[in-house]
Amino acid sequence: MDRVYISLFELQTKLKAGIEGIFPSRVWIRAEISALKVRSAGHCYMELSQSDESGLLARAQAVIWSSKYRIIAPYFESVTGMSLGEGMAVMAEVSVSYSQLYGLSLVVNDIDPSYSLGEKERIRLMTIGRLEQEGLMDMQKGLSLPSLPYCLAVISAPDAAGYRDFMKHLHENAYGFVYHTELFPALMQGAECPSSVIAALDAVMDSGKEFDAVLILRGGGGKTDLSCYDDYGLSACVAQFPLPVMTAIGHDQDSHVVDMVAWKSLKTPTALADEIIGMYLDEDAFLLSFASRLKMAFMYKINMMSGKLDLLESRIRSADPREILKRGYLLGVGADGVVVKKAASVHEGDRMSVMFNDGTVGCVVDKVELKG
C-alpha cells in the first residue's frame with residue numbers, strides 16, 4: 001500500500017522554517033549556564049537551562065561564535081569581575097536557529113553583565129540575611145586563637161600561586177620563626193568549589209590532629225568567578241567550624257560572605273602570612289619588654305641592696321674601736337681582755353690596759369670615783 005510521506009530533511013526544513021519564523025528577530029532571555037566549553041577555534045559552546053523548586057524546566061544548546069566571544073567575554077569580566085562560567089545566571093540576546101542536522105540551538109549575540117551582577121548581589125544579600133537570622137554571622141568571632149599559632153591547616157589548590165607565595169613567605173621569614181603547615185587540597189573556584197572546600201574542612205576535623213587554625217587560601221592568576229565564596233552552605237560551614245578560620249581569597253573587591261563569617265579575613269595569602277608572623281613579632285617584643293622590665297627591677301633591687309650594704313658597712317666602720325681611737329678617744333680593757341664599759345665594774349688595785357691609737361698602756365687602778 002502506498003503511503004504519503006516526507007523525508008526527514010524535508011521535515012526538519014519545515015520545522016526550521018516554522019521555528020525561525022516564530023522568532024524572526026533577536027530576543028532577550030534569562031537562563032542559567034549549566035555547562036560551558038571554549039573550543040580551540042575560539043567558539044564558546046554552552047548549555048542554558050531553567051529550574052525551579054521542582055527541578056529542571058527547560059534546556060537548550062547555545063553558542064557564542066568566536067567573533068562575538070572575543071568581545072563579550074572580556075567586557076563581561078571587566079564589569080562583573082568574574083568570567084562567564086557554569087552556575088551563572090545571565091541575560092542573553094539570542095537568535096533562534098534550527099539546523100536540519102543538529103536541531104535547535106541558540107546563537108548568543110550579546111550578554112548583559114548588569115543582570116548577572118545584580119543577580120549575584122541579590123543572592124549574596126539573601127545569604128547574609130539568612131546567616132544573620134540563624135545567628136551564624138559572628139560565631140567565629142567568639143573563638144580564641146593562641147598568641148603563637150604554630151600548627152596550621154591550609155586549604156588551597158596545590159598548584160595555586162597564592163598557596164606557593166604563602167608558603168614561601170611564611171616558612172622563609174627573616175626572623176627564623178618556625179611553623180607547621182599541612183595542606184588539605186580543594187578546588188578554589190567554580191561551581192564545585194563550595195563542596196570541595198567543605199570536604200577539606202571535614203578532612204581537617206577527621207585528621208585527629210590538633211590544629212590552631214584553618215587557613216583558606218586562593219590568590220594568584222587573573223579574575224575568575226568568586227561567587228562560590230558567597231555560597232550559603234560553605235559560609236554556614238565556616239561560621240560553625242570549631243577552629244578559627246582565616247581567609248585570604250586574593251581579591252580587591254568587596255568581601256565575600258565567607259570572609260565576613262571567618263575569624264579574620266586578609267586580602268592576599270602573603271598578607272595572611274605577614275599577619276601570622278606579626279603575631280610572633282608582637283609576642284617577641286612583649287617578651288623583650290618583659291625581660292627589660294625584669295632586668296630593670298633586678299637592677300633596682302641590687303642598687304637598693306648595695307646602698308643598704310654601704311650604709312651598714314659605714315655603720316660597722318664607725319663602730320670599729322680603731323676608728324674611735326683615731327678620733328682621740330681611749331679604750332679601757334680589763335685583765336680578762338674584756339672592754340670595760342662601766343666604772344662600777346672596776347675596783348682599786350685592778351690591773352687593766354688603756355688603749356691609745358698608737359699603742360697600749362698597762363696600769364693599776366689607784367682610785368674609783370662613781371657619779372653621785
Side-chain angles (χ1 to χ4, degrees), residues 1-126 189-193 222-228 230-231:
M1 183 174 63
D2 293 336
R3 296 180 182 275
V4 178
Y5 68 91
I6 60 174
S7 68
L8 175 60
F9 179 77
E10 187 178 356
L11 173 64
Q12 295 286 69
T13 301
K14 290 182 179 293
L15 288 173
K16 175 179 174 65
I19 292 173
E20 293 182 355
I22 298 173
F23 298 100
S25 59
R26 298 174 180 179
V27 59
W28 286 93
I29 64 168
R30 292 183 303 175
E32 181 178 305
I33 300 175
S34 51
L36 184 147
K37 181 70 175 180
V38 180
R39 301 296 184 185
S40 57
H43 307 311
C44 176
Y45 294 90
M46 299 184 295
E47 180 182 85
L48 300 178
S49 63
Q50 181 180 345
S51 303
D52 64 8
E53 296 80 4
S54 62
L56 186 65
L57 297 177
R59 181 166 54 196
Q61 301 301 315
V63 61
I64 310 176
W65 300 122
S66 60
S67 59
K68 292 284 187 180
Y69 187 71
R70 287 195 298 267
I71 300 171
I72 291 173
Y75 177 68
F76 184 89
E77 186 171 334
S78 69
V79 174
T80 64
M82 53 187 178
S83 302
L84 287 167
E86 297 176 4
M88 183 178 295
V90 293
M91 175 81 75
E93 184 191 55
V94 301
S95 300
V96 179
S97 174
Y98 193 91
S99 167
Q100 293 92 333
L101 188 59
Y102 300 109
L104 178 68
S105 65
L106 304 176
V107 177
V108 178
N109 302 291
D110 196 6
I111 294 178
D112 182 2
S114 63
Y115 173 80
S116 299
L117 194 61
E119 185 68 11
K120 174 187 173 184
E121 183 62 18
R122 183 185 69 82
I123 295 173
R124 178 177 179 272
L125 292 176
M126 286 180 61
Q189 64 187 53
E192 301 301 319
C193 171
K223 294 180 180 178
T224 54
D225 183 7
L226 298 176
S227 61
C228 51
D230 290 326
D231 179 78

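Excluded from the calculations below are hydrogen atoms, water molecules and symmetry mates; all remaining heavy atoms, backbone and side chain alike, are included.
Dense packing is recorded around CD of E10, with more than 12 heavy atoms of other residues, nucleotides or ligands lying under 6.0 Å away. Residue Y45 places its OH atom among more than 12 non-hydrogen atoms of other residues, nucleotides or ligands, all under 6.0 Å distant.
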> Please walk me through it: do Q61 and S105 pass side chain to side chain donor-acceptor pair (under 3.5 Å)?
Replying inline: CA-CA 5 Å; Q61 301 301 315; S105 65; over 6 Å; no
>> Could you walk me through whether K68 and V108 satisfy the side-chain contact (heavy atoms from CB on, under 4.5 Å) test, starting with their C-alpha distance in whole Å, then the side-chain angles of each, then the deciding distance to 0.1 Å, before giving a yes or no?
In response: CA-CA 8 Å; K68 292 284 187 180; V108 178; over 6 Å; no
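When all heavy atoms of T80 and K120 are compared, the pair lying nearest together is O-NZ, 4.2 Å. Closest of all the heavy-atom pairs between E119 and A89 is CG-CB, 3.6 Å. Between S83 and M88, the shortest heavy-atom distance links the atoms O-CE, 2.9 Å. The two residues S49 and L56 have their closest heavy-atom pair at CB-CD1, 3.7 Å.
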Exercise answer: donor-acceptor pairs, residues 32-43 side-chain atoms, under 3.5 Å, sequence neighbours excluded:
unit_1: S34; atom_1: OG; unit_2: E47; atom_2: O; d: 2.9
unit_1: S34; atom_1: OG; unit_2: E47; atom_2: OE1; d: 2.8
unit_1: H43; atom_1: ND1; unit_2: S66; atom_2: N; d: 3.0

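Atom CG of L15 is separated from atom CD of E20 by 10.5 Å, given to the nearest 0.5 angstrom. Going from atom CG of N109 over to atom CH2 of W65 covers 11.0 Å, rounded to the nearest 0.5 Å. How far CG of L104 is from CD of Q12: 10.5 Å, rounded to the nearest 0.5 Å. Remark: L106 CG to I64 CD1 distance equals 11.0 Å, nearest 0.5 Å. If you take CD on E93 and OG on S25, they are separated by 9.0 Å, rounding to the nearest 0.5 Å. In this structure, CG in D230 is found 9.0 Å from CD1 in I123, a value given to the nearest 0.5 Å.
For the pair Y75/I111, no side-chain contact is recorded, criterion being any heavy-atom separation below 4.5 Å from C-beta on. Looking only at side-chain heavy atoms (C-beta outward), I22 and V96 stay at 4.5 Å or farther from each other. A heavy-atom distance below 4.5 Å is not found between the side chains of V94 and S97.
Sequence neighbours left out, not one pair with a member in residues 76-115 passes ring-ring contact (aromatic ring centres under 6.0 Å, His included).
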